[in-house]
Amino acid sequence: MITLEELAQALMMLIRLGCICRFIYTMIRLSGADEEAVKYKKRARNVVLFYVLAESIWQVKEILFFYYR
């Protein structure tokens with residue numbers, strides 16, 4: 001049976017893979033579109049920001065669970 005912890009780890013893996021794929025996609029599009037460079041730079045920055053926030057929330061959750069167990 002799948003536990004809640006395994007589901008949370010699977011979700012984080014999906015977030016990581018999604019961020020990597022999105023970042024690669026925006027970098028490829030950035031290299032090909034000179035007139036839309038600002039838009040793709042902003043999208044790449046937003047992907048990185050989302051990833052940092054997702055990892056931060058994950059680490060805070062881990063710290064809280066460790067502290068209260």
Any chance you could measure [X], atom [atom1], to [Y], atom [atom2], to the nearest 0.5 Å?
{"X": "Gln9", "Y": "Leu14", "atom1": "CD", "atom2": "CG", "answer": "12.5 Å"}
{"X": "Leu49", "Y": "Cys19", "atom1": "CG", "atom2": "SG", "answer": "10.0 Å"}
{"X": "Leu30", "Y": "Phe23", "atom1": "CG", "atom2": "CZ", "answer": "9.0 Å"}

Should [X] and [Y] be regarded as members of a common hydrophobic cluster, given that ILVMFWY residues are connected when their side-chain heavy atoms come within less than 4.5 Å of each other, either directly or indirectly?
{"X": "Val60", "Y": "Ile63", "answer": "no"}
{"X": "Met27", "Y": "Val48", "answer": "yes"}
{"X": "Val47", "Y": "Ile28", "answer": "no"}
{"X": "Leu11", "Y": "Phe50", "answer": "yes"}

Residues which pass salt bridge (charged side-chain N to carboxylate O under 4.0 Å, His left out) with Glu5, listed by chain and number, not counting sequence neighbours | Lys61
What residues form a side-chain contact (heavy atoms from CB on, under 4.5 Å) with Met12, not counting sequence neighbours?
->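 side-chain contact (heavy atoms from CB on, under 4.5 Å) check on Met12 returns Ile15, Arg16, Glu55, Trp58.
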side-chain contact (heavy atoms from CB on, under 4.5 Å) with Glu36: which residues, sequence neighbours excluded?
-> Arg29, Ala33, Lys39, Tyr40
Return yes when atom CG of Leu53 has more than 12 non-hydrogen atoms of other residues, nucleotides or ligands closer than 6.0 Å, and no otherwise.
-> yes
